[in-house]
Undergrad: 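My questions all concern the structure below.
Order of appearance sets the numbers: ligands from 1, and atoms from 1 within every ligand.
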Amino acid sequence: VDPMNQKIGLIIGATGGLGKALTENLLSKEAFSHVYGAARRPEALPSHAKLTPIQIDLEDEDSIAQAAQFIRERHPRLHLLITTVGFLHDTDMTPEKRLDDLDPEQLARSFRVNAIGPALIFKHFHHLLRHPEPSVMASISARVGSIEDNLLGGWYGYRASKAALNQIVRTAAVEMRRKAPKCAIVALHPGTVNTPLSEPFQRNVPEGKLFTPERSAAYLLDVIEGLSEDDTGKFYAWDGQPIPW
Ligand SMILES: NC(=O)c1ccc[n+]([C@@H]2O[C@H](COP(=O)([O-])OP(=O)(O)OC[C@H]3O[C@@H](n4cnc5c(N)ncnc54)[C@H](OP(=O)(O)O)[C@@H]3O)[C@@H](O)[C@H]2O)c1
């Protein structure tokens with residue numbers, strides 16, 4: 001068996017638009033011998049010889065701890081962990097346009113799903129990436145989380161929670177540089193992707209700039225494949241271009 005073809009991957013949010021496409025793409029790669037797909041409803045995942053569905057709700061730390069334990073007992077070394085989970089809107093909550101729209105519960109929900117959950121993923125999974133083989137921990141962020149890039153305003157909770165995620169990614173990268181020198185920890189912007197998350201906001205997307213989930217997943221996995229440990233602590237777009245924090 002070629003040791004290069006023994007990589008283990010974990011996609012968190014594997015039933016989402018982008019998460020599903022990332023999972024399918026990883027399953028098709030020979031280099032990955034096994035893939036874990038984590039979701040709130042893992043029973044919705046397809047059955048595949050290389051895929052193990054596991055339950056994770058990012059708002060429930062116990063589910064994260066139990067999933068980490070489950071994987072550690074089977075595969076103590078992970079080579080790729082991607083957290084794709086994100087919250088922008090649901091039937092009761094639409095992104096805030098102005099200060100008058102701010103609602104503490106909506107802000108808290110954004111932070112719980114977009115920042116605190118991914119931070120707890122780092123907490124419970126970082127041990128599985130502390131090994132001498134090259135590895136990547138990627139968190140799907142969003143360009144609108146960039147403070148420097150914010151010229152349009154709006155979407156307070158989503159922007160602020162993605163900015164918080166970015167800071168957590170950067171802080172984890174600084175800590176892990178010593179503990180796991182072969183691990184690159186990055187934030188990624190997937191482009192504008194045709195999923196339920198972006199569906200109400202697609203009107204102003206320029207022609208050709210609304211990606212299918214499959215296309216965005218392929219771009220992101222190309223970026224990930226090109227990363228080395230020197231790229232840790234950075235924020236990249238789907239085309240490999242760095243984004244200012
Ligand atoms: N689409 C875009 O244009 C765009 C642009 C920039 C950034 N992003 C980012 O890309 C990522 C993927 O989004 P998407 O476009 O694929 O959206 P999506 O199809 O709505 O997927 C969102 C995912 O988040 C999961 N999720 C939400 N709350 C959760 C929780 N408490 N615990 C576990 N999972 C939870 C959903 O789980 P269920 O399947 O169980 O509902 C789903 O898997 C997000 O981080 C998003 O912010 C997207």
Undergrad: Against heavy atoms of S141, which atoms of ligand 1 measure under 4.0 Å?
TA: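 The atoms of ligand 1 under 4.0 Å from a heavy atom of S141 are 7 (C), 8 (N), 9 (C).
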
Undergrad: Below 4.0 Å from any atom of ligand 1, is there a heavy atom belonging to F201?
TA: no

Undergrad: Using a 4.0 Å heavy-atom cut-off, say whether L197 meets ligand 1 through its side chain, its backbone, both or neither.
TA: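 Within the 4.0 Å criterion, L197 contacts ligand 1 through backbone and side-chain atoms alike.
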
Undergrad: Quick one: look at R112 and ligand 1, take heavy-atom pairs under 4.0 Å, and tell me if it's side chain, backbone, both or neither.
TA: neither

Undergrad: Using a 3.5 Å cut-off on N or O atoms only, is I56 in polar contact with ligand 1?
TA: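 N/O-N/O distance under 3.5 Å: no.
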
Undergrad: Quick check on contacts: which atoms of ligand 1 are under 4.0 angstrom from a heavy atom of I140?
TA: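 Those qualifying, in numeric order: 9 (C), 10 (O), 11 (C), 45 (O).
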
Undergrad: Below 3.5 angstrom, do we get any N/O pair linking P196 and ligand 1?
TA: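 By distance alone, the answer is no.
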
Undergrad: Counting heavy atoms only, which of T15, V85, T84 comes nearest to atom 34 (N) of ligand 1?
TA: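 Among T15, V85, T84, the closest heavy atom to atom 34 (N) of ligand 1 comes from V85.
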
Undergrad: Determine, considering heavy atoms only, which of K162, R40, H189, K20 sits nearest to atom 38 (P) of ligand 1.
TA: R40

Undergrad: Do the charged groups of E96 and R159 touch, with an N to O distance under 4.0 Å?
TA: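 A salt bridge is absent here (no side-chain N lies under 4.0 Å from a carboxylate O).
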
Undergrad: Return the option from G117, G145, P190, S161 holding the heavy atom at the smallest distance from atom 8 (N) of ligand 1.
TA: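 Among G117, G145, P190, S161, the closest heavy atom to atom 8 (N) of ligand 1 comes from P190.
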
Undergrad: Classify the ring geometry between W238 and Y219 as parallel (under 30°), tilted (30 to 60°) or perpendicular (over 60°).
TA: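 Tilted: the ring planes of W238 and Y219 meet at 30° to 60°.
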
Undergrad: Give yes or no for whether the N/O distance cutoff of 3.5 Å, strictly under, is met between V113 and ligand 1.
TA: no

Undergrad: Please determine whether any non-hydrogen atom of S139 lies less than 4.0 Å from an atom of ligand 1.
TA: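 No; S139 lies far enough from ligand 1 that no heavy-atom distance drops under 4.0 Å.
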
